[in-house]
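Okay, so here's the structure we're looking at.
As a basis for the values below, the full set of heavy atoms in this structure was taken, side chains included, without hydrogen atoms, waters or symmetry mates. Index from 1, following the sequence. Remember, it's 1-based here, ligands and their atoms both numbered in the order they're listed. Values in this document were obtained by computation on a predicted structure and should not be read as measured data.
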Amino acid sequence: MPHWMRMTQQLVFEAPRRGKPPRHLADLDPAERRAALASIGLPSYRADQLSRHYFSRFLDDPSAMTDLPVADREHVVAALLPQLLTAVRTQTCDQGDTRKTLWRLFDGALVESVLMGYPDRVTMCVSSQAGCGMACPFCATGQAGLTRNLSTAEIVDQVVAGARAVARGDLPGAVGTGRLSNVVFMGMGEPLANYAAVVGAVRRLIAPAPDGLGLAQRHITVSTVGLVPAIDRLREEAMQVTLAVSLHAPDDELRNTLVPVNTRWPVGEVLEAAWRFAAMTRRRISIEYALIRDVNDQAERAQALAKLLRGHLVHVNLIPLNPTPGSEWTASRRGDERRFLETLRAAGVPATMRDTRGREIAAACGQLAAD
Ligand code: SAH
């Protein structure tokens with residue numbers, strides 16, 4: 001079909017709120033922010049004020065921005081701080097220290113984020129896409145397919161909403177720790193399939209105040225199924241972020257079924273890209289491995305995984321599978337989990353069992369927004 005015809009079809013048949021999310025301060029770098037303000041006739045120093053309100057004070061209410069002339073407030077906010085996320089529902093567990101929020105985006109698409117308070121850190125798990133196109137059969141998000149990519153600001157705004165909740169004292173366990181410190185791209189979506197927006201978001205997260213949130217680069221984790229060219233591209237950005245690779249199987253035969261994109265970039269190529277990344281950061285690659293009963297938790301697979309990883313800068317996170325409704329797969333037996341962990345450790349591969357926050361609110365991996 002010719003391009004113009006497809007465009008016409010979209011115009012005629014698709015929902016009215018199609019198109020790009022509104023432009024937001026967090027989409028722009030500092031120079032672009034100044035230009036955006038100049039274009040609505042405001043002095044460029046307002047850009048810093050606005051950035052400080054948003055990234056340091058987490059404000060989105062113009063009436064609290066008392067250093068802006070009253071006449072300008074609404075104008076500036078309408079131009080650069082449109083509301084991107086509307087909370088549909090928030091659920092909490094772990095005595096309030098895990099908070100899952102379902103957000104509606106401007107076009108009705110739904111995503112979720114999960115805020116987790118620990119004694120020494122506060123972690124926000126963000127979505128990078130509405131849905132996901134990777135089709136991993138054990139993952140609830142993978143079942144629904146991809147709706148769309150999120151914009152940079154739609155990703156950043158999830159983190160700012162989390163920072164605002166922490167600042168308000170919404171996480172009882174984090175009163176004292178105080179600040180949101182870590183971000184993991186482990187919500188809905190494959191971050192490296194939405195490369196430009198995700199890298200843009202990381203840049204806003206790590207930019208020092210007033211330009212961004214000022215988070216430590218190594219406190220940001222980008223998790224991927226293993227899109228090799230995008231891992232290499234991310235390496236070339238030379239940001240000291242943590243790379244997590246969702247491996248889930250040491251052999252191509254099984255991984256082809258658990259992570260279908262493996263047929264394009266097999267285990268060996270993914271790990272080579274991961275080691276190249278580790279050579280740049282000089283820090284450990286996180287290997288994610290969801291243990292699925294009698295599927296990938298056998299002793300031989302633990303040994304095969306150990307053999308692949310031994311001697312590399314790596315840490316294995318074993319995750320008890322969160323069964324998704326309707327799937328015949330379930331978590332491993334406790335004994336098999338222990339054996340898997342011990343086999344890795346005995347081979348000199350650092351490994352831990354991930355603590356699974358938010359199980360009872362279906363905020364665990366891969367269950368976001370499924371219902
Ligand atoms: N697309 C990215 C990030 C999103 S998911 C990725 O695949 O890495 C974050 C992690 O949760 C991934 O390791 C994913 O494989 C894992 N996961 C998904 N569904 C899960 C489930 N039902 N139980 C346990 N882990 C799951």
### Query
Does an N or O from P320, backbone or side chain, lie closer than 3.5 Å to an N or O of ligand 1?
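In fact, backbone or side chain, P320 has no N or O that close.
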
#### Entry: Test salt bridge (charged side-chain N to carboxylate O under 4.0 Å, His left out) applied to E154 and R204, R23, R148, the passing residue
R148

Going by the order shown, which atoms of ligand 1 are within less than 4.0 Å of some heavy atom of [X]?
| X | result |
| --- | --- |
| F185 | 3 (C) |
| E288 | 13 (O) |
| N322 | 21 (C), 22 (N), 23 (N), 24 (C) |
| G187 | 4 (C) |
| C139 | 18 (C), 19 (N) |

### Query
In chain order, what residues pass the salt bridge (Lys or Arg N to Asp or Glu O under 4.0 Å) check against D251, with sequence neighbours excluded?
R301

### Task
Return yes when atom CZ of R338 has more than 12 non-hydrogen atoms of other residues, nucleotides or ligands closer than 6.0 Å, and no otherwise.
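Count not over threshold, so no.
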
### Message
More than 12 heavy atoms of other residues, nucleotides or ligands under 6.0 Å from CZ of R104: yes or no?
### Response
no

### Query
Do R293 and D336 come within less than 4.5 Å of each other through their side chains, counting heavy atoms only?
no

### Message
Salt bridge or not between D252 and R255? Use side-chain N to carboxylate O under 4.0 Å.
### Response
no

### Query
Got a salt bridge between D48 and R33, using NZ or NE/NH1/NH2 to carboxylate O under 4.0 Å?
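No, no charged N to carboxylate O under 4.0 Å.
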
### Message
Students often mix this up, so state it plainly: with edges at 30° and 60°, are the rings of W275 and H312 parallel, tilted or perpendicular?
### Response
parallel

Quick one: does [X] get within less than 4.0 Å of ligand 1, heavy atoms only?
| X | answer |
| --- | --- |
| H248 | yes |
| G189 | yes |
| G142 | no |

### Query
Taking heavy atoms and a distance under 4.0 Å, where does M134 meet ligand 1: side chain, backbone, both or neither?
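It is neither; nothing of M134 touches ligand 1.
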
### Task
Could you see which bit of V245 sits under 4.0 Å from ligand 1, with heavy atoms only: side chain, backbone, both or neither?
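Within the 4.0 Å criterion, V245 makes no contact with ligand 1.
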
### Message
Looking at non-hydrogen atoms alone, which of S246, A290, S327 comes nearest to atom 6 (C) of ligand 1?
### Response
S246

